[in-house]
Amino acid sequence: MCGIIGYTGPKKADTVILGGLHALEYRGYDSAGIAFFEKGGALRSVKSAGKIACLENKLASEENVNTRCGIGHTRWATHGAPTDVNSHPHGNERLMLVHNGIIENSRELKLELEKQGYVFKSDTDTEAAALLIDACTRDGDRLAGILKAIKKIRGSYAFGILFADTPGEIWAARQDSPLIVGLGENENLIASDVTAILAYTRRYLALENGDVAKITRDTVTVYGADGAEVKREPQTALWDLAAAMRGGHAHFMHKEIYEEPDAVKKTLFPRIADGIPDFTPEGLSPDRIKAVRSVRIVACGTAYHAGLTGAAVLERVAGVRASAEIASEFRYRNPVIEADELVILISQSGETADTIAALRLAKAAGAFTLGIVNTVGSTVARESDAVLYTYAGPEIAVASTKAYTVQTALMTLFGVWTGLIRNTVSEDVARKYVSDLTVALPAEIKKIIAREKELKSIAADIAEKDDMFFIGRLFDATLAAEASLKLKEISYIHSEAYAAGELKHGTISLIEPGTPVVALSSEAGIREKMVGNMKEVVARGANLFVFAAGKEGTTELREMSKIAFVCPDCPETVAPIALATAMQLLAYQVSLARGCDVDQPRNLAKSVTVE
Ligand code: G6P
């Protein structure tokens, strides 16, 4: 989704801003723009549809861009097509503004402003906010004017604003869209997320809802909604710039898959004491977990699939009723939430609008909320009653990979801890899980990564087709859903994920000679049933590719399939997590074979901060 960066300090602002915009590219965007003070003090903007390179080309032919203060934006179109005019910043000769979020009453505001004589140039909702702030600040009092304007605005926003008569000064405001202030030495920045400021500083303040801030190169002043000065505690990002760069890999997605073994260890080790799981230091008391009657996991996209796995582990291992739901459905269906429910929100970014809304709903109903989040200080992390961070490091590729792996690993460990507390898991079983998760899982993921060539040959077959299937049972049905999502996201091949036993109730009619079917089989206990389902598709001419773990019954799998990818030593407890890596690499290879944009697939955004 849209990205914001702003800079004030001694460096060339256009260079800093363009660097920041590149760092934000991973969020997904379709146009970009920048506003800055010219040498003589006038306020200027340059905007372009398309990639940041188009903006850079335009800027290269501009004169007088030598500037020490400016704001920049990457836009992901919601109101109005991705054109030069609709790109941010918006405003006039007195003010320039960039915006993330949606102004819900922009039509109303526009009509009011037009009556006052304002002329609109774009189709965006943002222009209404920019001109409204101009109207409210014309008497000169910036703070009072911005506060007055935001009281009239309905919707979500993170704003970065420059006023022509105060060069070097950036104003910022936020409501339901993240915005941070990067704290440097003799320079300060604003940004929609930490990756944009890492080249300059790791220290930042997270603005809260209703905050307005004034930023100069050596001061940062934050005001609350009532106009009184407020203190926001500085935080330090755990990530460094190197971590946010590609590190020699052709794509971020590839690098992020390779980081999975380490990410798993980093995420799990802090939660293990004397060989068994322990989450008590993180604000989760065994008494509370014992009292929980059911667990509901709410999330979006890939995180939702991690939630499905988490719910299955909680039921199977800890014997507690658990389910997973899509946040955008949950928030509007008047769900019955009971006070003795545990509601878990899983989110890589911690800023997904629907997940945040679900969290607030659960809190309002009196349930205990637990965020499983990758981004320190994000909204889900701040607002949940307790938070468990996943330590995957920055995930830049739009398609989520390592975040999923650590989310499922952490949910499994959490399920085992819950089982220990509720006496459904013995200490010995817990120890075996811990060793499978922290030793076998990273080792098996490494082995899968080393077999990338085999995956490439399967990918070559799939890349030529327009449709395919992923099938599996139990944990593998969830894995099939995630595998299918990954493939669709980055290769644009249509695929269906099906619980293998359900196939014959309809969708098997789509299997034709040559249709690729990936069958997942990580559990020996259900393997015979899977074999039956595989035979059904082979009988209809499918090209069967089997992904399996374990030794038992795998000979038959190999005989039936065109190519079989078997991990003989992978323990069943972690096999669906390890095989997810194979599915991610397979999707990656298919995307490459089809010449797609792996890291920034069309129409998708990394962090969906609007509903
Ligand atoms: C977007 C991304 C997905 C991600 C989902 C949830 O749709 O493209 O990769 O899984 O948002 O994001 P979150 O940050 O809440 O995990």
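Bear in mind that the values here come from a model prediction, so they are computed numbers and not experimental data. Just so you know, ligand 1 is whichever comes first in the structure, and atom 1 is the first atom listed for that ligand.
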Minimum-distance protein heavy atom relative to atom 16 (O) of ligand 1: Gln348 N, 2.7 Å
Ligand 1 contact on Ala605 by region, counting heavy-atom pairs under 4.0 Å: backbone
Element-labelled atoms of ligand 1 that are located less than 4.0 Å from some non-hydrogen atom of Ser347: 13 (P), 14 (O), 15 (O), 16 (O)
Proximity to ligand 1 by part of Glu351, non-hydrogen separation under 4.0 Å: neither
Among Glu489, Glu256, Glu395, Glu351, salt bridge (charged side-chain N to carboxylate O under 4.0 Å, His left out) partner for Lys606: Glu395
Parallel, tilted or perpendicular, as decided by the 30° and 60° cut-offs, for the rings of His99 and Phe159: tilted
Taking atom 9 (O) of ligand 1 as the reference point, the nearest protein heavy atom with its distance: Val398 O, 3.3 Å
Ligand-residue contact atoms, ligand 1 with Lys606, heavy atoms, under 4.0 Å: 1 (C), 2 (C), 11 (O)
Those atoms of ligand 1 less than 4.0 Å from some heavy atom in Ser400: 9 (O)
Side-chain (Lys47) to main-chain (Ile34) donor-acceptor, under 3.5 angstrom: no
Protein contact to atom 7 (O) of ligand 1 [nearest heavy atom, distance to 0.1 Å]: Val608 CG2, 3.9 Å
Where His73 and Cys2 come nearest, the two heavy atoms and their spacing: NE2-CB, 3.5 Å
Glu341 with Arg296: basic N within carboxylate O range, under 4.0 Å: yes
Leu604 touching ligand 1 at heavy-atom level, < 4.0 angstrom: no
Taking atom 4 (C) of ligand 1 as the reference point, the nearest protein heavy atom with its distance: Thr302 N, 4.2 Å
side-chain contact (heavy atoms from CB on, under 4.5 Å) partner of Val406, the single match among Thr401, Leu268, Thr267: Thr267
Heavy atom of the protein closest to atom 6 (C) of ligand 1 (residue, atom name, distance): Cys300 O, 3.4 Å
Contact (N/O only, under 3.5 Å) between Ser349 and ligand 1: yes
Atom indices of ligand 1 within 4.0 angstrom of Ala303 heavy atoms, with elements: 10 (O), 16 (O)
N-O pairing of Arg360 and Asp176 below 4.0 Å: yes
Identity and distance of the protein heavy atom lying nearest atom 12 (O) of ligand 1: Thr352 OG1, 3.4 Å
Centroid-centroid distance, Phe470 to Tyr498, less than 6.0 Å: no
N-O pairing of Arg602 and Asp597 below 4.0 Å: no
